[in-house]
Amino acid sequence: MTRSIERVAAVGTAPERVDGRAKVAGKAPYAYEHPVERPAYAHPIQATIAAGRVRGIDTARALAVDGVHTVLTPDNAPPLRRGQDAELEILQAPDVAFRGQIIGCVVADTPEAARHAADLVAVDYERRDHDVTLASDRPDLYRPGEVSHEADTEDGDVDAALAGAAARVEAEYRTARNHNNPLEPHTTVAVWDADGLTLYDSTQGVHSLRSAVAEVFDLDESRIRVLAPYVGGGFGSKGTAHAHVVLAALAAKRMSGRPVKLALTRQQTFTLAGYRTPTVQRVALGADTDGRIDALAVDVVEQTSRVKAFAEQTALPSRTMYAAPHRRTTHRMAALDVPVTSWMRAPGVCPGMFGPEVAMDELAERCGLDPIELRLRNEPDRDPETGKPYSTRNLAECLRGGARRFGWDARPAAPRQTRQGEWWIGTGVASSTYPVHHAPGSAARIERRADGRYHVGVGAVDIGTGAWTVLGQIAADALGVDREDVVVTVGDTALPFASVAGGSSGTTNWGSAIVAAAHGFRARFGDDDPPAGSEHTESAPENPDTERFAMHAFGAQFAEVHVSADTGEIRVPRLLGVFAAGRIVNPRLARSQFLGGMTMGLSMALHEEGVMDERLGMVVNHDLAEYHVATNADVPSVEAEWIDEHDPHVNPMGTKGIGEIGIVGTAAAVANAAYHATGVRVRELPVTADRFLTA
Amino acid sequence: MQGSDAVELVRPDTLEEALAAKAERPGAVPLAGGTDVMVELNYDHRRPEALVDLTRIAELATWSASGGHVRLGAGVPYTRLIDELGDTLPGLAMASRTVGSPQIRNRGTVGGNLGAASPAGDTHPVLLAAGAEIEVASVRGARRIPADTFYTGVKRNALAPDELITAVHVPSAAVPAEQFSKVGTRNAMVIAVCSFALVLRDGHVGAAIGSAAPTPRRVPDAEAFLAAELPWGTDAPLPDSLKRRFGELVAAATEPIDDVRGTAEYRTHALGVLARRTLTWAWDDHRGSVRACA
């Protein structure tokens, strides 16, 4: 069979997700559902103090419960290798670093018995005063070693430039503590046998999880297999290994061969699965009378857990957004007795585009400019941070196109101009951006099998994004066959190495590997269908253009906001996002990514805040009844569009990554629109009704 | 479950059996839709000696209307109340529409709302404003408790330990001048930051606040003011000064706290707004009926 020359490219078409039917029919096994022989069930025991140590644990009542096999404690848990990642090195010492930390575990025949018995464990603590309060004037703030890039940057003389600026904005902005809350909770099934450890885990990276587990169990990676064929969302919270995975593996080790299942409860995910730090952002912008920014400073204060440092890269996006000769960004951290902060959708970039993008709105008003015009006037020719040219930068197109589509021109320039009944009405805009991340080493295997199809294996994970589907589209084009002739398999460390599903980089990294493998396959076996059994594995080559160009996706977010003059209640009847994110592989699935991100951004703007009770050192609204995420009724109209962007530098597909950019800038657009509606400037998230009482 | 921690599940088929079970185990917790009780059990906030499942008792899930009253069985779910009694009990139906999600409304009941007696329960202000009576029963007999005296504290009510809620008696609206309004921190599936109900009927005013005091409560000064000042029997519009004064009296009757959902100050302010707003709507209903009679 020779392939048809007229074959239509699969990339750019919009097939439904290949895993969709299995998922809605309940036939796609999520981690916890993998059938194993006679599983036992583990339930964590969590510290009920925020700082101190465990003096003693009385497990007698727990052990007396029918069906309970063992209670793991710091006194009896199997040893782990220590010194690498204290979040994972659980039950090795009696210290308590945050409320909710794992201090033990019950293993029983049923999840009910395990949970019940966990409640019967009596713990004697030695308390120390805890410290859970983030404040920007703490004397013990420190500069982190790095925040994925350098913690601080400085060009020119920001203070002098600010002092001489014709128009100036200097204000403090705050974003709230946010929790990822994927629909599928964090679950693990651990099975030890003679060959080693098998984990069915709800993870964003089978290989990265394997590395973390191998490290802490001091095992060769070849003795660990991780499988994650289907994952019900992660938003970053499944991107790094968390303690419950280690706990499940420890419990299974103790059960000598019997598999152990562990599912975190929703409440447990609030302390054990990572979350986004609250941030305090001191933003300063200085501009000339034409609105050209001369000085830009973003000084960030945020928190980290004492047990493990994680520095949210909050000032990162402001380094690349706008031209300014005098620039400064800093990060300062408070190490607190709090759970471990970690990745949440667009870490750093999402909160870091709140303060500066609201400040831009304020600067536009000071300069008497339309907020879009201000942004256009400050478009850089080259990346202000690195001096490199952009591979492509189409922010201006997004802003202009979005303005046309949104009806921006009809907007009154001044705030508090439009009233319909009890409602003040306003519109707002903010820019959006997300870097194109590359991670080395992903590989793909392509095999032509007896079924006549090309089987593509890559150890990627589809966390609900559509990787199962788009990787097949990419493979079909790279091989020059129909999509129906390609079978993709992901989610298994038995497949070639793949980078984590994070940083909006999955399609870049895995797709590049597939293209390389497909081209290698054809080079080796020719363009005609080779015999069954022909197989080729290849890694994605390094992309030299990543050194030559600054690579970022951009976008513009528009919001219409209504604020009740009587109660301050806020409605967002309309959101529009326009994105320039390279080539869109599958418009159907891409739209879902954008809309999902924007909806999450709206939720961040209006609802999401983990409220810390400082007396207890815990987030009190740690469930979905009280930690609100946007409901359908909060989101009447969300639309996403994209411009046809061709970027020859980012990767062979021309894609930039779309999983995160949708959440970036949304909250600023909403806050700016609320200001335009009411004249009340809110610089702190979430934007709530009580802020408008004076309106 | 085992040993002393076991929770016994009693599943009576008749009210008599249920009352007998409750008499025998006064600590037993009645279970209707389970939308409150099961959450509390799940979080281990309580571990009762027994649960009495009332869902098998057919008569609790019925309603009847006679003599200007509706007797609403304690086990009628919100969804049925909305579908079947929307015209007869418009205020209660309005409040019911704001409860939880469709799934919660399919399970949850007014009886359960009363049993939980949360200060934020959505139906309480309407029951208070409408002058409802709560019918309770025990092996000792049945009695009716006026809604005014039913709520005795945060999540506490006037039931004796052996009593079960069997029904609520609500005057039906000859004229649908009943309104309910609620502020939440999102548009659906939300616990009230504060809520307000107003019922206007033949010279009588019932008004009550929710989620702004230790218990849902009526606002007597505001009621008395309105009863005296409203131009009953006319279709005259209300002066702004009257609406404003009513709002002030309602706000003055609040006793709110700060919590995760909102500040005390916000609640007081918003209740004044809800009072004015519901008064406007309810008076419009009243004026419509006056014109219809003319």
Side-chain angles (χ1 to χ4, degrees), chain A residues 61-62 64-68 108 110 112-113 115-120 265-267 421-422 564-573 602-603 606-613 619-636 686-695, chain B residues 1-7 35-36 38-47 97-98 100-102 104 118 120 181-196 243-244 247 251 256 258-278 280:
Chain A
R61 288 186 69 207
V65 173
D66 283 347
V68 168
T110 65
E112 292 82 5
R115 185 172 183 175
H116 173 53
D119 282 343
L120 299 178
T265 64
R266 178 62 62 186
Q267 291 192 334
E422 74 169 275
S564 167
D566 297 327
T567 62
E569 288 168 285
I570 305 139
R571 302 287 182 260
V572 183
L602 172 68
S603 194
L606 300 184
H607 306 302
E608 296 194 34
E609 179 181 23
V611 178
M612 170 64 74
D613 184 330
V619 167
V620 287
N621 54 342
H622 56 164
D623 57 58
L624 293 178
E626 297 273 0
Y627 181 93
H628 282 176
V629 299
T631 65
N632 285 340
D634 297 300
V635 192
V687 179
T688 51
D690 51 344
R691 320 244 188 201
F692 299 100
L693 276 195
T694 52
Chain B
M1 298 293 177
Q2 53 86 57
S4 58
D5 294 309
V7 178
T35 59
D36 274 319
M38 293 311 294
V39 174
E40 294 196 330
L41 292 182
N42 194 28
Y43 289 161
D44 212 13
H45 289 167
R46 67 155 117 183
R47 191 177 289 258
R97 287 187 196 99
T98 75
S101 61
I104 296 291
S118 159
S181 192
K182 162 178 167 180
V183 173
T185 50
R186 65 181 170 189
N187 275 341
M189 299 205 299
V190 71
I191 303 168
V193 173
C194 57
S195 60
F196 185 75
K243 294 181 196 172
R244 201 161 47 241
D258 291 339
D259 68 11
V260 171
R261 294 192 290 278
T263 61
E265 186 190 9
Y266 179 80
R267 287 185 158 100
T268 299
H269 169 86
L271 272 166
V273 174
L274 298 188
R276 296 198 301 271
R277 184 180 284 175
T278 50
T280 304

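Residue numbers begin at 1 in each chain, while the letters A, B, ... track the order of the sequences.
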> What closest approach, in Å, do A:Ile570 and A:Thr688 show between heavy atoms, and which atom pair accounts for it?
Replying inline: CD1-C, 3.6 Å

> For chain B, which of A:Thr265, A:Leu606, A:Asp613, A:Asp119 has the most heavy-atom pairs under 4.5 Å?
Replying inline: A:Asp119

>> Report which part of A:Asn621 has an atom under 4.5 Å of a heavy atom belonging to chain B: side chain, backbone, both, or neither.
In response: side chain

>> Does any backbone or side-chain atom of A:Ala689 lie under 4.5 Å from a heavy atom of chain B? Answer side chain, backbone, both or neither.
In response: both

> Between B:Val260 and chain A, which part of the residue has a heavy atom less than 4.5 Å away: side chain, backbone, both or neither?
Replying inline: side chain

> Do A:His116 and A:Thr110 come close enough that some side-chain heavy atom pair is under 4.5 Å?
Replying inline: no

> Hey, which of B:Val39, B:Thr185, B:Val193 has the most heavy atom pairs under 4.5 Å with chain A?
Replying inline: B:Thr185

> Distance-only, no hydrogens or angles: does the B:Arg261 side chain make a donor-acceptor pair with backbone N or O of A:Glu626 under 3.5 Å?
Replying inline: no

>> Please classify the contact between A:Thr567 and chain B as side chain, backbone, both or neither, with a heavy-atom cut-off of under 4.5 Å.
In response: both

> For the side chain of B:Ser195 and the backbone of B:Lys182, is there at least one donor-acceptor N/O pair under 3.5 Å apart?
Replying inline: no

>> Less than 4.5 Å to any heavy atom of chain B: does that hold for the side chain of A:His628, its backbone, both, or neither?
In response: both

>> With a 4.5 angstrom heavy-atom cut-off, is it the side chain or the backbone of A:Val635 that approaches chain B, or both, or neither?
In response: neither

>> For A:Gln267, which atoms come within 4.5 Å of any heavy atom of chain B: side chain, backbone, both, or neither?
In response: side chain

>> Could you walk me through whether B:Thr263 and B:His269 satisfy the side chain to side chain contact (heavy atoms under 4.5 Å, CB included) test, starting with their C-alpha distance in whole Å, then the side-chain angles of each, then the deciding distance to 0.1 Å, before giving a yes or no?
In response: CA-CA 10 Å; B:Thr263 61; B:His269 169 86; over 6 Å; no

> Quick one: what part of A:Asp634 sits under 4.5 Å from any heavy atom of chain B, side chain, backbone, both or neither?
Replying inline: both

> Is there a side chain to side chain contact (heavy atoms under 4.5 Å, CB included) between B:Met189 and B:Ile104 once you walk through the steps?
Replying inline: CA-CA 9 Å; B:Met189 299 205 299; B:Ile104 296 291; over 6 Å; no

> Would a distance-only check, ignoring hydrogens and angles, find a side-chain to backbone donor-acceptor pair under 3.5 Å from B:Arg186 to A:Thr631?
Replying inline: no

